[in-house]
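Computed from heavy atoms alone, side chains included, the values below leave out hydrogens, waters and symmetry copies. For ligands, and for the atoms within them, numbers begin at 1 and follow the listed sequence.
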Amino acid sequence: MGVSIVSTGSYVPDRVLKNTDLEKMVETSDEWITTRTGIKERRISEGETTSDMATEAVLRALNGKSSPEDVELIVVATATPDAFFPSTACKVQSKIENKGAVVFDISAACSGFIYALYVADSIMRSKNVKKAVVVGAERFSKIVNWKDRTTCILFGDGAGAVLLEHSDNEGVLGFDIGADGSYGELLAVPSVGSNEEYPFYVRMKGNEVFKIAVRTMVDSIGRVLEKTGLKADDISLLIPHQANIRIINAVAERVGIPKEKVFVNLDRYGNTSAASIPIALDEAVREGKVKSGDLVLMTAFGGGFTWGSCIVRL
Ligand code: COA
């Protein structure tokens, strides 16, 4: 018995915020943002909540593949839940009209989707759960300080989802996953359990995060390749967390995966945190960049610091 990704779905809000729009909001330029990050525009919710976006992504993933009531497990990775409780997963469950599934949220910042995949895969194997939905969904525009040019240019909103099922052939081949909490202060959003005053915004030491992100993803990719007995050449497509094109290029170069095999959509969406990998995976599938049988390597890095890499055969 194996576990496989059988379908994908994603949703981004209609509203586009371009770099040239940001020029009117903070002291920045399209040229600076493009050369330092690769981002040209991002999507911003016009009232859609995180669970609204997650629900739409889930329904698109389920479309024609499974009815919502057959789903036994829903895991939502998010750093921007609609509420402290009920969980975003409970809200999604209610909106897709499922009852009785095991549902919960996971907090692992930008690595959240890989963490959620890891947990769902483990539960499916150990508890004989046959159908699960794993989602990454974020409304980062709500926790960005729109007066801080060092962070507000980076993030966007959106959601992506996958449907996982038991399969005869193995689809989810292996993980490398971990965290180092000693780096917590370099990339953080405080909340009500802290002694900090509301409002709570993203704060980041971008330069330091950058260097550790590259190193950590390169090491994580090395470990997941070793664990699965695969080589960089075997990978059909690398789907890295979409934070910064310079990070992506540095990682791909160091692990020896050519640019043609690296999926990039951050120019259109910016960093959508836990949603970035599942949105990219869905687009790669829809654009025909990957097909059945291909090996896809996903790698993420985020606040915590957390990291995670996973290799799947589609
Ligand atoms: N527009 C124009 N200038 C800006 C700017 C903006 N939006 N933001 C910062 N600057 C300025 C800085 O103030 C600094 O000016 P100074 O030299 O006069 O002090 C200069 O640009 C360089 O800043 P620096 O932070 O060193 O730039 P950088 O090349 O490291 O790029 C990031 C900044 C944030 C794009 C980059 O560090 C990054 O992407 N880090 C990782 C972020 C990330 O991926 N986070 C999520 C991980 S999950």
_Using a 3.5 Å distance criterion without hydrogens, assess whether the side chain of Lys130 forms a donor-acceptor pair with backbone atoms of Glu165._
no
*asked:* Looking at Thr28 and Arg149, would you say the former's side chain and the latter's main chain have a donor-acceptor pair under 3.5 Å?
replied: no
*Is the shortest distance from atom 17 (O) of ligand 1 to a protein heavy atom below 4.0 Å?*
no
*Sidechain-backbone polar pair: Glu69 side chain, Glu97 backbone, donor-acceptor under 3.5 Å*: no
*Quick one: does ligand 1 sit under 4.0 Å from the side chain of Thr28, the backbone, both or neither, non-hydrogen atoms only?*
both
_Counting non-hydrogen protein atoms only, what is the nearest one to atom 45 (N) of ligand 1? Give residue, atom name and distance._
Met204 SD, 3.2 Å
Hey, can you pull the donor-acceptor pairs under 3.5 Å for the side chains in residues 208-216, sequence neighbours left out?
from	atom 1	to	atom 2	distance (Å)
Thr216	OG1	Ile212	O	2.6

_Pairing of Asp294 and Lys291 as salt bridge, 4.0 angstrom limit_ = yes
*Is the shortest distance from atom 32 (C) of ligand 1 to a protein heavy atom below 4.0 Å?*
no
*Check: Val224 main-chain N/O paired with Thr228 side-chain donor or acceptor under 3.5 Å*: yes
*Any Lys/Arg nitrogen of Lys95 or Asp52 sitting under 4.0 Å from an Asp/Glu carboxylate oxygen of the other?*
yes
*May I ask you to decide if Ala137's main-chain N or O and Thr78's side chain share a donor-acceptor pair within less than 3.5 Å?*
yes
_Under 3.5 Å donor-acceptor, Asp157 side chain and Ser45 backbone_ = yes
*For atom 8 (N) of ligand 1, what is the nearest protein heavy atom, given as residue, atom name and distance?*
Trp32 CH2, 3.4 Å
*Any protein heavy atom < 4.0 Å from atom 29 (O) of ligand 1*: yes
*How close does the nearest protein non-hydrogen atom get to atom 15 (O) of ligand 1, and which residue and atom is it?*
Arg149 NH2, 4.5 Å
_Please report whether atom 10 (N) of ligand 1 has a protein non-hydrogen atom at a separation of less than 4.0 Å._
yes
*For ligand 1, which part of Ile247 has a heavy atom less than 4.0 Å away: the side chain, the backbone, both, or neither?*
side chain
*asked:* Which of the numbered atoms in ligand 1 are under 4.0 angstrom from any heavy atom belonging to Cys110?
replied: 48 (S)
*Roughly how far apart are Gln242 CD and Ser276 OG, rounded to 0.5 Å?*
5.5 Å
*atom 41 (C) of ligand 1: which of Gly304, Gly206, Ser29 has the nearest heavy atom?*
Gly206
*Residue Ala243 vicinity, atoms of ligand 1 by number, heavy atom under 4.0 Å*: 44 (O)
*Numbered atoms and elements of ligand 1 in range of Asn244, under 4.0 angstrom, heavy atoms*: 35 (C), 38 (C), 39 (O)
*asked:* Give the atom numbers and elements of ligand 1 that come within less than 4.0 Å of a heavy atom of Arg36.
replied: 22 (C), 27 (O), 28 (P), 29 (O)
*atom 24 (P) of ligand 1: which protein heavy atom is closest, and how many Å away?*
Asn207 ND2, 3.8 Å
_At less than 4.0 angstrom from any non-hydrogen atom of Asn271, what atoms of ligand 1 do you find?_
46 (C)
*So which protein heavy atom does atom 48 (S) of ligand 1 come closest to, and at what separation?*
Phe301 O, 3.1 Å
*May I ask you to test the Ile123-Tyr118 pair for a side-chain heavy-atom distance under 4.5 Å?*
no
*asked:* Under 4.0 Å from a heavy atom of Glu27: which atoms of ligand 1 are those, numbered in the order shown and with their elements?
replied: 1 (N), 2 (C)
*With atoms numbered from 1 as shown, which atoms in ligand 1 lie under 4.0 angstrom from a non-hydrogen atom of Thr37?*
35 (C)
_Under 4.0 Å to a heavy atom of His241 - the qualifying atoms of ligand 1, by number_ = 48 (S)
*Backbone N or O of Gly160 within a donor-acceptor pair of the Ser10 side chain at under 3.5 Å?*
no
*Protein heavy atoms: any of them under 4.0 Å from atom 5 (C) of ligand 1?*
yes
*Pairwise distance NZ(Lys289) to CG(Leu237) - rounded to 0.5 angstrom*: 8.5 Å
